[in-house]
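Numbers restart at 1 for each chain; the letters A, B, ... are given by sequence-line order, proteins then strands.
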Amino acid sequence: MNLESTLTSLVAEAVKNLYNFEAELSQIQIQKTKKEFSGDLTVVTFPFVKAARKSPEQAGQQIGEYLIQNNRIISDFNVIKGFLNLNISKSYWLARLNEIHANPAYGTASEAGNRGLMMIEYSSPNTNKPLHLGHIRNNLLGFSIAEIQKANGWEVVKTNIVNDRGIHICKSMLAWKLFGNGETPQSSGLKGDHLVGKYYVVFDKAYKAETKELMEKGMSEEEAKKSAPLIMQAQQMLLAWENNDPEVRQLWETMNGWVYEGFDKTYKQLGVDFDKIYYESETYLEGKSEVERGVELGVFNRRPDTSVWADLTAEGLDEKLLLRADGTSVYMTQDIGTAKLRYNDYPINKMVYVVGNEQNYHFQVLSILLDKLGFEWGKSLVHFSYGMVELPEGKMKSREGTVVDADDLMEEMIETARETSQELGKLDNCTPEEVEAIVRMVGLGSLKYFILKVDPRKNMTFNPKESIDFNGNTGPFIQYTHARIKSVLRKAAEMGIGFGKLENPAIDISEKESYLVQLATGFPSIVREAGDEFSPALIANYIYDLVKEYNQFYHDFSILKEENPDVRQFRLVLSETIATIIKTGMGLLGIDVPERM
RNA sequence: GGUCCUGUAGUUCAAUGGAUAGAACAAGUGUUUCCUAAACACUAGAUCCGGGUUCGAUUCCCGGCGGGACUACCA
C-alpha cells in the first residue's frame, strides 16, 4: 500500500472518530506539499470543517494530533488555513529509497501483458513522398504510447497501415515514366522515398502548367483541373492498376520498393518500429465487401446512381459516402476493411489510432459505422488525436516548400550536437564510435523531447533554432544529468567506495533530500497516469522536475568527499536511483540516455 | 452554417477544483582548488471577456470574442 492511500484511510478514521463523520474517500485530498511550506504531504481539511463545526485551523490541528498519535510514519505537522501539512519521518523515506533502489524495473508493471492486447496504429504514411516533421510527431507519440502501455501491463502490437495505392502514387509513377529517364536510387544517389517524392513534385508542376494553359484558352479552373491530359493519364493508370495491368503493377512494385527502403532508414534513425504492417492494397477489397454487407443489413443505403451512403443525421452528423458510383472505394471504406482484418488477425482488447486531429471527424464516423455493422468494439476504439506542428513562419505547406523533411531535420540535430560538444571539448577522450553514438543520442534526444513534452492535443510551434538548445527543459539537459551521475558513480567505484542497502536509519537527511525521495516514489503513479491519459508529456515534465530538483541540490556538492560514510552512502544510493528513473522514464519516451557526454 | 479542439508572462510550455498560477528561453549580475559549468543562484513579467456552481475556479457549466481542424465521389 502506498503512502497516499495509507494516509487517506488514516484521515478517514480520524474524521470518523473525532467528528463522527463518514467521509467519502474522494473527499479526502492528499497532495504534495508546496515547496514554500514546511512538510511532505498535505491534507486539505476544508471538506470536513462543516461536519467538525470547527474553524479550518482547529480541525487541522485536531486531525494532525490524531494522526501523530496513531501513526509512526508522521513525525510532525503544521496547519495553515485549511491545509494540514504533514512531515513524514526520515526513516520512512530511507526505507522507501531502499525498496526503489533494489528494483531495477522500478516504475514498470511486474506482469507484462496481463491487461490484454492493445493494438496501436501509428505513422501511416503515403508512399508518394518522404516523411516530414508532422510524421515525426506522429511516430514519436505512437512509439512512446506503446512503450508506456507496455510498462502498464498491456501486451502491445504496433502496427502501420501504408497507403500504398491510389491516385497519389500514380502521379509519381506517371511523372517518372514520362520524365524520369530511368532514374533509380542507385543512379541518382537519392534515398528512395526522396526520389519518388521528387517525381510527385515534377508531376504537380507539369500538371499546373497544363491547367494554366487550358485556362488561358478560356476554360474554367475547375474544368481545366479535371481535363488536363496528365491527370487523365494518372486516372487511367489507377484504373489499369485496379485491373492488374502487369506493366503498371511492375512499376508500382518497383517504386514502392524504393520508398520502403527509404522509410526503413528513416524509421531506424528515429528509433521506431512495428510488429505488423498492413498495406492498403491488401485491405481495401475487404472494406468493399463489408459495405455491401451493410447495404444488405439495411444500415447503409444505395442511391439510384449506385453510390453507397451512410445516413448519420440521427447522430448529429451528415451523410457519408462509402462507395462511389463507379464502385471504387474511398478512405473510409478501406479503414473499415483494415479494422476487420486486424480483429481477425489478433485478439484485440483495445484499438488505438494515432492520427492527426484533422481526422477527428473521420474517426467519429468510423466508430459509428463499425458499430452499425455489428462490431462490438466499434464504439470503444480510441482516436489518439494530436495537433499540427507549425513553424515560426506559419503552417508547413508542401506547395511553398516550407515542409521540414524528417531525414534532413534529424541530420541537422545530430550535427548541431556534434558541433556543440566539439566546441566544449566534451568528447575529446572518446573513440570516434563513442562520439558518433553520443551525438546521435543527444541530437535525437533533443528533437524527441522537444516534441513529446508538449500536450499532444495542442498545435505546437517547432522552431528549428530554439529546439537545438541544450539548456532548460530539454532532452540534453536531462541526458547530461544522467551522464553526470554515472560519472560520479564510476569515480566512486574507482575509489573503492561501495554502496548498497542503507542500514543506518538514523542519519540526518535534509528536507530537500527527503523531497527528492518523495518525488522518486511518485514515479510509478506518473507512469500509470500517463498510460490512462495517453500522455507522454506527463512523464517528460515529471522527469524534468526530478532532474531540476536534483541539480539544485547537488550542483556544487561533493558527494565523494563527504566525511560521514552513512551520508555519503545515502547520497550515492539516491543519485543512482535517480539515474535509473531517468533512464527508465526517458526509455518510455523512446529517448536513449548516454553513460557519458 | 454545423461538429470537434484550443485560448496562461514578449516567446515556448506547466499547473487530480486548493495555499503567493510554476518552469524554460530571451536580458543583467554573480558562483568553478571539487564528481562533468551542456550546471547553479539572484532580479521583472501572464490566466481572452461576462455570468453560474463551490468554502475555493486557470481547471467544471452557460454565453460572447479570438485561433485551428473537419464538414470532398482526395488519401
Which nucleotide in B:A14, B:A19, B:G18 has an atom nearest any side-chain atom of A:K81:
B:A19
By nearest atom, which of the nucleotides B:A75, B:C40, B:U36 is closest to the A:N551 side chain?
B:C40
What does A:N85 touch in the nucleic acid at a heavy-atom separation under 4.0 angstrom: a base, only the sugar-phosphate, or nothing?
base
Which of the following nucleotides, B:A69, B:A75, B:A19, is nearest to the side chain of A:F83?
B:A19
Nucleotide nearest A:Q31 (side chain, heavy atoms from C-beta), chosen from B:A69, B:A37, B:A19
B:A19
I want to check one thing: is the phosphate of B:A23, taken as OP1 and OP2, less than 4.0 Å away from some side-chain N or O of A:K548?
no
Could you check whether the rings of A:F534 and A:F384 sit parallel, tilted or perpendicular, using 30° and 60° as the cut-offs?
tilted
Heavy atoms from C-beta onward define the side chain here; which of B:U12, B:U3, B:C5 lies closest to that of A:F450?
B:U12
Could you state the atom-to-atom distance from OH of A:Y542 to C1' of B:A24 in whole Å?
20 Å
Ignoring the backbone of A:Q29, work out which of B:U16, B:C13, B:U36 is nearest its side chain.
B:U16
Of the candidates B:A75, B:G68, B:A19, the side chain of A:Q359 sits closest to B:A75
Contact class for A:T461 vs. all strands (heavy atom < 4.0 Å): base, sugar-phosphate, or nothing?
sugar-phosphate
Counting heavy atoms from C-beta on, name the nucleotide in B:A75, B:G18, B:A15 closest to the side chain of A:L538.
B:A15
Verdict with supporting geometry, A:F46 and A:F83, ring-ring contact (aromatic ring centres under 6.0 Å, His included):
CA-CA 8 Å; A:F46 284 115; A:F83 300 94; 5.7 Å; yes
Contact class for A:Y480 vs. all strands (heavy atom < 4.0 Å): base, sugar-phosphate, or nothing?
base
For A:A537, report the nucleic acid contact type (base, sugar-phosphate, nothing); a contact means any heavy atom under 4.0 Å.
nothing
Just how far, in rounded Å, is P of B:C73 from CG of A:L238?
17 Å
For the C1' atoms, the ones on B:C40 and on B:G7, what distance do you get once it is rounded to whole angstrom?
35 Å
B:C40 pairs with, by Watson-Crick or G-U criteria that keep both distances under 3.5 Å
B:G30
Could you work out which one of B:C74, B:G68, B:C70 sits closest to the side chain of A:Y361?
B:C70
With a cut-off of less than 4.0 Å, is there a side-chain N or O of A:K458 near OP1 or OP2 of B:G7?
yes
For A:Q552 and B:A41, is the shortest distance between a side-chain N/O and OP1 or OP2 below 4.0 Å?
yes
Can you work out whether A:L321 or A:K491 has the more 5'-proximal nearest nucleotide on RNA chain B?
A:K491
Just to be sure I understand the rule, does A:T481 reach a base, reach only the sugar-phosphate, or reach nothing, if contact means heavy atoms closer than 4.0 Å?
nothing
When the P atoms of B:U16 and B:G52 are considered, how many whole Å apart are they?
26 Å
For the pair made of CG in A:D326 and P in B:C73, what is the distance, rounded to whole Å?
12 Å
Whole Å only: how far is the CD atom of A:Q27 from the P atom of B:G56?
16 Å
Tell me what A:N357 touches on the nucleic acid: a base, only sugar-phosphate, or nothing, going by heavy atoms under 4.0 Å.
sugar-phosphate
With a non-hydrogen cut-off below 4.0 angstrom, is A:E529 in contact with a base, only sugar-phosphate, or nothing?
nothing
Is any side-chain heavy atom of A:E223 closer than 4.5 Å to one of A:K226?
no
Applying the 3.5 Å cut-off to both distances, the Watson-Crick or G-U partner of B:U54 turns out to be none
Between the side-chain atoms of A:D305 and the base atoms of B:C73, is any donor-acceptor pair under 3.5 Å?
yes
Only pairs with both distances under 3.5 Å count, Watson-Crick or wobble alike; so what is the partner of B:G1 in this structure?
B:U71
Between the base of B:A19 and the side chain of A:T42, is there any donor-acceptor pair under 3.5 Å?
yes
Separation of atom NE2 in A:H362 from atom C1' in B:C73, rounded to whole Å
16 Å
Please assess A:F450 against A:F462 for the test ring-ring contact (aromatic ring centres under 6.0 Å, His included), listing each intermediate value before the final yes or no.
CA-CA 8 Å; A:F450 188 89; A:F462 182 83; 5.4 Å; yes
Measure from the side-chain heavy atoms of A:Y331 and tell me the nearest of B:A75, B:A37, B:C40.
B:A75
Contact nearer the 5' end of RNA chain B, comparing A:M460 with A:E280:
A:M460
Does the side-chain contact (heavy atoms from CB on, under 4.5 Å) test come out yes or no for A:L546 and A:F523, once each step is laid out?
CA-CA 10 Å; A:L546 185 67; A:F523 184 50; over 6 Å; no
Does the side chain of A:R324 get closer than 4.0 angstrom to OP1 or OP2 of B:A75 through an N or O atom?
yes
Using the C1' atom in both, what is the distance from B:U8 to B:U58, to the nearest Å?
7 Å
For B:A57 and B:C35, measure between their C1' atoms and round to the nearest Å.
47 Å
What is the nucleic acid contact for A:E390, judged by heavy atoms within less than 4.0 Å: base, sugar-phosphate only, or nothing?
nothing
Whole Å only: how far is the CD atom of A:Q235 from the C1' atom of B:C73?
11 Å
Does A:R457 place a side-chain N or O at less than 4.0 Å from the phosphate oxygens OP1/OP2 of B:U6?
yes
Aromatic ring of A:Y544 stacked on base six-ring of B:A23, 5.5 Å, 30°
no
Looking at every strand, decide which applies to A:V44 at a 4.0 Å heavy-atom threshold: base, sugar-phosphate, or nothing.
base
If we take the P atom in both B:A15 and B:A23, what is their distance in whole Å?
14 Å
Verify whether the ring centers belonging to A:Y260 and A:Y279 lie closer than 6.0 Å.
yes
Measure the distance from NZ on A:K34 to P on B:A15 and round it to the nearest whole Å.
13 Å
A:H482 NE2 to B:U36 P: how many Å, rounded?
15 Å
Please lay out, stage by stage, how A:N360 and A:S385 fare under the test side-chain hydrogen bond (donor to acceptor under 3.5 Å, both in side chains).
CA-CA 7 Å; A:N360 285 355; A:S385 161; 2.9 Å; yes
Check step by step if ring-ring contact (aromatic ring centres under 6.0 Å, His included) holds for A:F470 and A:F477.
CA-CA 6 Å; A:F470 299 91; A:F477 173 71; over 10 Å; no
Is the aromatic ring centre of A:F46 closer than 5.5 Å to the centre of the six-membered base ring of B:G56, with the two planes inclined by less than 30°?
no
A side-chain contact here means heavy atoms from C-beta on lying under 4.5 Å apart; do A:V439 and A:L427 qualify?
yes
Distance check: side-chain N/O of A:K453 vs OP1/OP2 of B:C13, anything under 4.0 Å?
no
